[in-house]
Amino acid sequence: MRTYQGKGVYGAIAIGRISVFKRQDAKVRRTHVDDASQEIARVEAAKELATQQLQEIYEKALKEVGETHAQIFEVHMMMLEDDDYNDSIRNLIETQSVNAEYAVATTADNFSEMFASMDDAYMQARAADVKDISNRLIACLGGAGNAKDKQTEKMIVCADDLAPSETVSLDKDLVMAFVTAYGSSNSHTAILARNMNIPAVIGVGEEFLKAIADGMQIIVDGYTGEIILEPDEDTVAKMSKKQQDDLRKKALLQELKGKENVTLDGTKVQIFANIGGVSGVGAVLANDAGGIGLFRSEFLYLESEDYPSEEEQFLAYRKVLESMAGKKVIIRTLDIGADKQIDYFKLDKEENPALGFRAIRICLTRPEIFKTQLRALYRASAYGKLGIMFPMITSVSEVKKILEICEEVKAQLREAGVPFDEKAEVGIMIETPAAAVISDLLAPLVNFFSVGTNDLTQYTLAIDRQNAKLEPFCDTHHEAILRLIKMAADNAHQHGAWIGICGELAADTSLTETFLRMGIDELSVSAPFVLPLRDTVRKLDLSK
Ligand code: PEP
Ligand code: MG
């Protein structure tokens, strides 16, 4: 038995077996082969297996996300059969006497570069597809992905670190907990773990990585951040009891469903939930949130192989709005860049990505992407109570430009006779110190503010939210942050706007009283935090 200490980012306990996270694009080694025909036969067998897997994924996607999203897997199956692609693999094996894996990887590099250099945006996006099918083929060559090897049991995923795109690609039904050697508690991976309602511990350290292997027993305590590898019987018994007590306590909170978010002295606050996609709505409803305070729309883009079309986006937004049946849904426009990178956006590498080309800066520079999303959003507004929110605001001119583009999109829809909600609210995120400081100038322009404390903390304290080493310096209760929030709240109210908080700090119950005293109107948290927050609110007395 060995113990390791990390930082718990979602309080819950898991006892299970390890699945070491494997990155798909592991480096392929070049080896010499004597028998080319045997190597070509291996490629053929791997292709058959890959096609079988793609067919299964296609059928699953068809059922779960519909024809439009499923189509990409049909395209992948066709690409696997492409003559040029297959000739290239065969030629490399025959003329260079190289192993099948190397021939596939080299073909993938050549083809993806060729696609990437084309003028046509559709063809450029195919570069990622070639890489994807080739990675699958390489995995199949190694026997990976064989139906017999497929994980069917819930496991505890252990990794060095997980990028947001890697986290979303995991099968949520098969992940019991996360443990990462690196990572910080404000990272999107940590946020996703909270949204998924599973215990997660990050920053456990490098030694842990060296000690683990697939199938080892492990206990994850998301409350204390403690990790126990190969626990003895007594420890398993003690932690199972802690787990049961925890589940009982959480079950008691269920009694708060249907109750108001009101303090003992009668102050009311809205408690909403954050989601990253359509699939998050179930947890929002199950936890009785009053609405959705932040739909991180960029996850639609992250889960996609190419720019999601207006229609695809419209269907996703409409589904969320319809499911929420008239409750408020705040959808944030694309916040890509920094830690959320997407190949098909082809963003340049930057020295300081968090201070770089991200979010609204991309949207204002590439208005065609922005307008597509806005059209989808306004069309969806006819199906519920939509609020549209813009991220990373720093200036009045940005907001004026955004509003101009919104008016342009609305005018086009009006002219085309497409129904939309003329009263759909628009709001901005207060997540830069600049936005908080000029909130008196911004408030008259919008209906609401929503404070993104994750970035506001990063930019106010000059602490990279991705850097685990800085955790000891990251005082999330820093007076500077609280003053900026108070300033934004006062300015919002003075100009008739409402203000919410949608960053992770909204779930910190040690600050709930402070936020309510500031007059914060809405707190939006990961769905599993809705009821604990309601519990806290109902025990507060602000008259004292
Ligand atoms: C924030 O910055 O607090 C926020 C809610 O946005 P994100 O975490 O997605 O950057
Ligand atoms: Mg942010």
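Order of appearance sets the numbers: ligands from 1, and atoms from 1 within every ligand.
The single protein non-hydrogen atom nearest to atom 7 (P) of ligand 1 is His188 NE2, 3.3 Å, given as residue, atom name and distance. Ranking protein heavy atoms by distance to atom 6 (O) of ligand 1, first place goes to Arg332 NH1, 2.9 Å.
Listed by number with element, the atoms of ligand 1 under 4.0 Å from a non-hydrogen atom of Arg465 are 2 (O), 7 (P), 8 (O), 10 (O). Atoms of ligand 1 lying under 4.0 Å from at least one heavy atom of Leu294, given by number and element, are 5 (C). In summary, the atoms of ligand 1 found under 4.0 Å from a heavy atom of Lys340, numbered by their order in the structure, are 9 (O). For ligand 1, the atoms lying closer than 4.0 Å to a non-hydrogen atom of Ile191 are 8 (O). For ligand 1, the atoms lying closer than 4.0 Å to a non-hydrogen atom of Gly503 are 3 (O), 5 (C).
Contacts between Met389 and ligand 1, counted as non-hydrogen atom pairs separated by less than 4.0 Å, are absent for every part of the residue. Counting heavy atoms under 4.0 Å from ligand 1, residue Gln458 does not touch it at all. Contacts between Asn274 and ligand 1, counted as non-hydrogen atom pairs separated by less than 4.0 Å, are absent for every part of the residue.
Taking the six-membered ring where the residue is Trp, the centroids of Phe529 and Tyr10 are separated by under 6.0 Å. Checked against the 6.0 Å centroid threshold, Tyr301 and Tyr307 do not count as a close aromatic pair.
Glu479 and Lys486 are not joined by a salt bridge, as no carboxylate oxygen comes within less than 4.0 angstrom of a charged side-chain nitrogen. In this structure, Glu310 does not pair ionically with Lys371, as no charged nitrogen and carboxylate oxygen lie closer than 4.0 Å.
When rounded to 10 degrees, the angle formed at the Mg ion (ligand 2) by OD2 (Asp455) and OE1 (Glu431) equals 100°.
In terms of polar-atom proximity, defined here as any N/O pair under 3.5 Å, Arg296 does make such a contact with ligand 1. Considering backbone and side-chain atoms together, Glu298 places no N or O closer than 3.5 Å to any N or O of ligand 1.
Checking Ile362, Ile369, Leu377 one by one against Thr333, the side-chain contact (heavy atoms from CB on, under 4.5 Å) holds for a single residue, Leu377.
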